[in-house]
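Sequence positions, counted from 1, serve as the residue numbers for this chain.
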Amino acid sequence: MLAASVFDLIFPAIQRGGYTQGVIGLVIGTIFFIISESWLGDREPKIGEIRGASARRVLLILGTLFIHSFPEGVAVGVGYGAGKTSSQLGLLLALAIGIQNIPERIAVALPLRAEGVPVSRCILLAIF
């Protein structure tokens, strides 16, 4: 994951947007994780029957993918509003993102299921 982050995310961000935008993105991401950690602090998170470190992992996965979904939705909206052929571009983007989301949502559901969460709740949380 570290190599993927550096070579597939950070370097391309710096190449496309320059060092300033790349550093700003890294700082914002770091601040987000610092705030998340301080918010959790000494709290004992509970998701259904899941507690402690397992609940923290689940919250991290859910939170990360929830935030990750926002720009995907924006991309689909921009695709639909992009001009004459916008409906074709929007549909293509929606389909591509939908297919790409299948393994992401499985990544949400499997750890939950491994912790004993009922299948119906796993499905709901994966969709959320």
Side-chain angles (χ1 to χ4, degrees):
M1 291 305 292
L2 180 62
S5 297
V6 171
F7 295 115
D8 290 339
L9 297 173
I10 295 173
F11 285 167
I14 290 171
Q15 288 174 342
R16 291 183 185 144
Y19 286 103
T20 304
Q21 286 184 342
V23 169
I24 288 171
L26 286 171
V27 168
I28 290 171
T30 302
I31 290 170
F32 171 76
F33 280 105
I34 290 169
I35 290 171
S36 298
E37 178 62 27
S38 68
W39 179 77
L40 279 173
D42 293 331
R43 293 181 184 167
E44 185 69 26
K46 179 184 173 202
I47 300 173
E49 298 300 318
I50 305 171
R51 291 190 165 93
S54 295
R56 285 177 183 262
R57 280 192 300 274
V58 169
L59 282 175
L60 178 63
I61 291 169
L62 287 173
T64 301
L65 289 176
F66 180 77
I67 292 169
H68 169 78
S69 296
F70 179 76
E72 290 178 343
V74 171
V76 171
V78 168
Y80 274 106
K84 268 199 246 182
T85 60
S86 62
S87 62
Q88 293 172 345
L89 179 59
L91 181 61
L92 179 62
L93 280 170
L95 182 61
I97 290 172
I99 290 169
Q100 177 250 331
N101 279 343
I102 293 170
E104 288 180 0
R105 302 316 166 202
I106 290 172
V108 169
L110 289 179
L112 291 170
R113 188 65 189 125
E115 294 292 335
V117 175
V119 173
S120 59
R121 182 171 278 177
C122 290
I123 292 169
L124 290 175
L125 287 171
I127 291 170
F128 168 74

Are the side chains of Leu91 and Leu95 in touch, meaning some heavy atoms are under 4.5 Å apart?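 No. Closest side-chain heavy atoms not under 4.5 Å.
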Do Phe32 and Ile67 make a side-chain contact, defined as non-hydrogen atoms from C-beta onward lying under 4.5 Å apart?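 Yes, at least one pair of side-chain atoms sits under 4.5 Å.
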Hydrophobic cluster identity match, Ile127 and Leu110, side-chain contacts under 4.5 Å: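 Ile127 and Leu110: separate clusters.
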Would you kindly confirm whether Trp39 and Ile31 end up in one hydrophobic cluster when ILVMFWY residues are joined by side chain heavy atoms under 4.5 Å apart?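 Trp39 and Ile31: separate clusters.
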Go through Ile14 and Gln21 one step at a time and tell me if the side-chain contact (heavy atoms from CB on, under 4.5 Å) criterion holds. CA-CA 7 Å; Ile14 290 171; Gln21 286 184 342; over 6 Å; no
Might you point out which heavy atoms bring Val76 and Ile97 nearest each other, and give the distance in Å?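 Closest approach of Val76 to Ile97, heavy atoms only: CG2-CD1, 3.8 Å.
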For residues Cys122 and Leu112, report the shortest heavy-atom separation together with the two atoms involved.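 Minimum heavy-atom separation between Cys122 and Leu112: SG-CB, 3.7 Å.
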Would you compute the distance between atom OG1 of Thr30 and atom CD1 of Ile35 and round it to the nearest 0.5 angstrom?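 Nearest 0.5 Å value for the OG1-CD1 distance: 11.0 Å.
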Rounded to the nearest 0.5 Å, what separation is found between the OH atom of Tyr80 and the CG atom of Leu92?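 These two atoms lie 9.5 Å from each other.
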Provide the full list of side chain to side chain donor-acceptor pair (under 3.5 Å) pairs with a residue in residues 103-114, sequence neighbours left out, each pair given once.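 As it turns out, the side chain to side chain donor-acceptor pair (under 3.5 Å) pairs with a partner in residues 103-114, which skip direct neighbours, are His68-Glu104, Ser69-Arg105, Gln100-Glu104.
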Can you name the residues that form a side-chain contact (heavy atoms from CB on, under 4.5 Å) with Ile24, not counting sequence neighbours?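 Partners of Ile24 under the side-chain contact (heavy atoms from CB on, under 4.5 Å) test: Thr20, Ile28.
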